[in-house]
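Chain letters run A, B, ... following the sequence lines, proteins first and then strands; every chain starts at 1. Note: hydrogens, waters and symmetry copies are ignored here, and every other heavy atom, side chains too, is used. Computed from a predicted model, the values in this text were never measured in an experiment.
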2 protein chains.
Amino acid sequence: MSPDLHDPRLDLVLERVVDVPRALVWDAWTKPEHLIQWFAPAPWTTVDCEVDLRPGGIFRSVMRSPQGEDFPGVGCFLEIVEGRRLVWTDALGPGFRPSAKPFFTAIIALEDYGAGTKYTARALHKDETDRKTHEDMGFHTGWGTALDQLVALAKTL
Amino acid sequence: MSPDLHDPRLDLVLERVVDVPRALVWDAWTKPEHLIQWFAPAPWTTVDCEVDLRPGGIFRSVMRSPQGEDFPGVGCFLEIVEGRRLVWTDALGPGFRPSAKPFFTAIIALEDYGAGTKYTARALHKDETDRKTHEDMGFHTGWGTALDQLVALAKTL
């Protein structure tokens, strides 16, 4: 597993206990037919996504704003520990090729917590400026709302 | 294994058959005490290096120019297939954190070829400008000379 090198000046973290089992959280994150339902915080929507779940495999999504503008995002997966840990970045594209707009790496960690799951999402940035930009874009509200949506979906699975 | 998404406009490739066994080429690439002896093409030298051989683990080297100036480089490993495939990038640092100076991803592939090894080193860039910059820095001569040095070292192992 990759080394955990946390840096509070450079990272943004969403940590929460949710009342759905770990396996369902994993499915919601890794199956495109689920992901498309929760990934963008409302009133934004996800209108397309692509998941090739292996290191170097594509992770692509298109988010649509309430005004109808589409924002495509593409990156690749870096590390997959079935049911427990998912790492991806937009600093590399499919096949690990460096990307034109590197911004962050996401580490999603899942642990059993009673009948539920301790969910930790961490966004890693290269410097404090990028961390602050992401924070000002609404990281905490956005990722929190998306997690609410994930939980609501998982309860229907 | 990661998808191979080659693009001749964006990649630089060094492909050669060398007369040393695959296992020794692998050792030369992955053991710091060997790497430090061949990694910089003479008259440059490698004066320090660090290898944490796992996805997200650090890959750091310091090259010294003939004029005595030191050039540190830091990146991380992305994919390790023992004896066969080594992928690393400077677009991410240790722990997969996006780096300040992303430039290329390297894919080193080794195949048995008689008693020797078919050696393929591929450098992936985000655009043609970066590919050309790397080419003009002397990619082919530099990586070729370093491979000669690797082979010479491997024959002593």
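- For A:Phe103, the part sitting under 4.5 Å from any heavy atom of chain B is the backbone (N, CA, C, O) and nothing else.
- By the ring pair (Phe, Tyr, Trp, His ring centres under 6.0 Å) test, A:Phe96 is found to be paired with no residue, residues two or more places apart in sequence or in another chain being considered.
- The distance from atom CG of B:Leu78 to atom SG of A:Cys76, rounded to the nearest 0.5 Å, is 7.5 Å.
- Top candidate by heavy-atom pairs under 4.5 Å with chain A, chosen from B:Ala91, B:Gly56, B:Pro3, is B:Pro3.
- With a 4.5 Å cut-off on non-hydrogen atoms, A:Ile58 does not touch chain B at all.
- A:Ile108 and A:Val87 end up in different hydrophobic clusters when Ile, Leu, Val, Met, Phe, Trp and Tyr side chains are linked at under 4.5 Å.
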Scan the chain A/chain B interface and emit each donor-acceptor pair under 3.5 angstrom with its distance.
{"residue": "A:Met1", "atom": "O", "partner": "B:Arg54", "partner atom": "NH1", "Å": "3.1"}
{"residue": "A:Leu5", "atom": "O", "partner": "B:Arg97", "partner atom": "NH2", "Å": "3.1"}
{"residue": "A:Asp11", "atom": "OD1", "partner": "B:Arg97", "partner atom": "NH1", "Å": "2.9"}
{"residue": "A:Asp11", "atom": "OD1", "partner": "B:Arg97", "partner atom": "NH2", "Å": "2.9"}
{"residue": "A:Arg54", "atom": "NH1", "partner": "B:Met1", "partner atom": "O", "Å": "3.1"}
{"residue": "A:Phe96", "atom": "O", "partner": "B:Thr105", "partner atom": "OG1", "Å": "2.7"}
{"residue": "A:Arg97", "atom": "NH1", "partner": "B:Asp11", "partner atom": "OD1", "Å": "2.9"}
{"residue": "A:Arg97", "atom": "NH1", "partner": "B:His125", "partner atom": "O", "Å": "3.0"}
{"residue": "A:Arg97", "atom": "NH2", "partner": "B:Leu5", "partner atom": "O", "Å": "3.1"}
{"residue": "A:Arg97", "atom": "NH2", "partner": "B:Asp11", "partner atom": "OD1", "Å": "2.9"}
{"residue": "A:Thr105", "atom": "OG1", "partner": "B:Phe96", "partner atom": "O", "Å": "2.7"}
{"residue": "A:His125", "atom": "O", "partner": "B:Arg97", "partner atom": "NH1", "Å": "3.0"}

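- Cluster membership check: B:Phe59 does not share its hydrophobic cluster with A:Leu92, using side-chain heavy-atom separations under 4.5 Å among Ile, Leu, Val, Met, Phe, Trp and Tyr.
- The same ILVMFWY cluster, assembled from side-chain heavy atoms under 4.5 Å apart, contains both A:Val18 and A:Leu153.
- Taking both residues in full, the closest heavy atoms of A:Leu124 and B:Gly95 are given as CD2-O, 3.5 Å, listed atom of the first, atom of the second, then distance.
- B:Phe71 and B:Ile36 fall into different hydrophobic clusters, where Ile, Leu, Val, Met, Phe, Trp and Tyr residues are linked whenever their side-chain heavy atoms come under 4.5 Å apart, directly or through other members.
- Cluster membership check: A:Leu5 does not share its hydrophobic cluster with B:Val74, using side-chain heavy-atom separations under 4.5 Å among Ile, Leu, Val, Met, Phe, Trp and Tyr.
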